[in-house]
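Here the structure is laid out as C-alpha cells; the discussion comes afterwards.
We count ligands from 1, going down the list as the structure has it; atoms in each ligand are counted the same way. All values below were derived from every heavy atom in this structure, side-chain atoms included, with hydrogens, water molecules and symmetry-related copies excluded.
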Amino acid sequence: MKYIDEFRDRRLAELLAQEIKRTVTRPWKVMEVCGGQTHTILQFGLEDLLSDAVELLHGPGCPVCVTPVELIDRAIAIAQLPDVIFCSFGDMLRVPGSTSDLLELKARGADVRIVYSPLDAVNLARKHADRRVVFFAVGFETTAPANAMAVYHAKKSGVTNFFLLCSHVTVPPMIVAILQSPGNTVQAFLGPGHVCSVMGWREYEAISRHYLVPIVICGFEPTDLLEGILRCVRQLEAGQARVENQYSRAVKPAGNQAAQMILTDVFDVTDRMWRGIGSIPKSGYRLSHAYKQFDAEREFEIATTCGQESPICISGQILRGLKKPPDCPAFGQDCTPEHPLGATMVSSEGTCAAYYKFGKVRKSEMN
Ligand code: SF4
C-alpha cells in the first residue's frame, strides 16, 4: 500500500539498524513518546533488530493510560444520572475506575454511548433537548482541536445541553516532568509526530537546549522510528542536543495554525493530574471563561473522589520509563486485556497491552 509499504521495507530497516549499531559506542537510552510508536516497535520487533545497541524506553504518550482514576470515577458518577447521555470514544469504556468502569455501567442500563466524533454528541444534544449530553474529552493536542470545534459549534448554534468532561493533556510539560523525575535515565526522545503536526515543533527547542537532550520528531512506521533512533544516537555520540524533524512529510515547524487558533479560543492551559505520574504544572487544557457553560465539572457538582489504583499495578513506573511490563508480577497472569488491572493494559495504545499482544516478535510483517 502506497505511503505505508515504503516505510515497512525490511531491507531498509536492517540497513538502518546496522548503521545504528555502527554508530554507537555505548548503549544509549531513547524514549519514544507516543503509544502508537510503542506499538510499532513491538509489532515489528525493532528492539530485536537493534540487539543491545540502544535501549528503548516507552513513554506516557497514551492519553487513555494517563487519565486519572478520579476522573474516570467522576465520569461514572455523571453517567449514572437519569437525565444524562454520556458519550465517549470506545477505548475509554473499559478503563478501570476505583470500583467499576463505564462499560459495566452501560451493561447495568446507564445511557452510555460510543461516538466517533464529538460532533455526534452535539447532534445528540440537539435531538434530545430534554437530556444533558456529556462528551468525555480525552487526548493530547492531536484530538483537542476537534473537541474545541464541537464546543465552538454548540455555542454558535445555541445548544445549551451539551457539556465537555475535559481531560486534555499536553506533551512538552510531560517531557520536562520525565527529565526532572528522580532516577530518570532517558537520554534522548523520539518526539510525537501527530501532536507536532498540530502544534509544530518550536516549543521543543527550549527543552532540548535547557536539558541538553536530543529530540527527534518522529513518525510511526518502522523505518521512521529507526531513522529517528539513528538521528538521536548521532547527536548523542557527537555530544549535541537539538530538535530534528524526521516526520517532515506531516510536520511543519509552525504546525497547523488554524487548529492552534481554535485551541486558544476555547481552552486555557491548566495543571493536570496524570495517572501514575501525579500533577504536572500547565500540562493540560480546561474550557476558557468564554465557554465555561459547557464545562461538565461546573454543571455537575460531583464530589472529588480519592481514586484507588490496584496496589500491584506498576503502570506509573512504566509510564516514566523506569520499568517495563514484564517487571510487573501481574503481567499476563492476573492482568490481561480481558481482565485489566491498570490502564496501560486496557488501552489499545498502552505499553502493557502492546507487550501482551506482540509478545512474539513478528518481523514477517515487514516486506
Ligand atoms: S501488567 Fe497490568 S497490573 Fe501490571 S503494570 Fe501493566 S496494567 Fe498494571
Side-chain angles (χ1 to χ4, degrees), residues 29 31-43 45-48 55-76 88-105 136 138-140 167 169 174 177-178 181-186 272-280 305-362:
K29 296 191 180 193
M31 173 178 275
E32 82 279 358
V33 166
C34 296
Q37 294 168 334
T38 303
H39 267 244
T40 299
I41 286 165
L42 290 156
Q43 180 179 0
L46 301 192
E47 287 176 310
D48 209 46
E55 184 178 353
L56 296 175
L57 304 174
H58 314 304
C62 157
V64 175
C65 303
V66 298
T67 301
V69 180
E70 296 83 1
L71 204 73
I72 305 285
D73 289 346
R74 210 167 299 160
I76 290 168
S88 170
F89 294 142
D91 52 2
M92 289 306 296
L93 262 60
R94 291 181 61 241
V95 180
S98 295
T99 56
S100 180
D101 59 46
L102 286 164
L103 192 63
E104 191 184 323
L105 199 66
F136 202 0
V138 172
F140 285 95
S167 180
V169 284
M174 170 263 278
I178 287 170
S181 68
N184 169 57
T185 59
V186 180
R272 277 265 168 232
M273 284 295 292
W274 291 58
R275 191 172 194 159
I277 295 177
S279 179
I280 302 180
T305 61
C306 185
Q308 297 293 314
E309 300 273 7
S310 162
I312 51 174
C313 181
I314 60 163
S315 59
Q317 294 174 75
I318 290 171
L319 290 168
R320 280 173 286 158
L322 301 175
K323 295 231 163 133
K324 294 196 174 177
D327 297 326
C328 174
F331 176 73
Q333 305 291 320
D334 295 334
C335 182
T336 63
E338 290 73 36
H339 301 286
L341 294 179
T344 45
M345 183 61 94
V346 77
S347 164
S348 59
E349 288 194 1
T351 303
C352 294
Y355 267 72
Y356 189 88
K357 185 172 179 187
F358 301 117
K360 288 188 174 57
V361 175
R362 289 160 57 178

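- A search for salt bridge (charged side-chain N to carboxylate O under 4.0 Å, His left out) contacts involving K323 returns nothing, not counting sequence neighbours.
- Evaluation of the side-chain contact (heavy atoms from CB on, under 4.5 Å) rule for A177 yields I280 as partners, not counting sequence neighbours.
- Near atom 8 (Fe) of ligand 1, less than 2.8 Å away, sit the protein N, O or S atoms C313 SG.
- Scanning for side-chain contact (heavy atoms from CB on, under 4.5 Å) contacts around Q333 gives an empty result, with sequence neighbours left out.
- Summarising the geometry, atom OH belonging to Y356 is positioned 14.0 Å from atom OG1 belonging to T344; distances are rounded to the nearest 0.5 Å.
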- request: Applying side-chain contact (heavy atoms from CB on, under 4.5 Å), run through R275 and V69 and close with a yes or a no.
  value: CA-CA 7 Å; R275 191 172 194 159; V69 180; 3.2 Å; yes
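- Checking side-chain atoms of R94 against main-chain N and O of P337 turns up a donor-acceptor pair under 3.5 Å.
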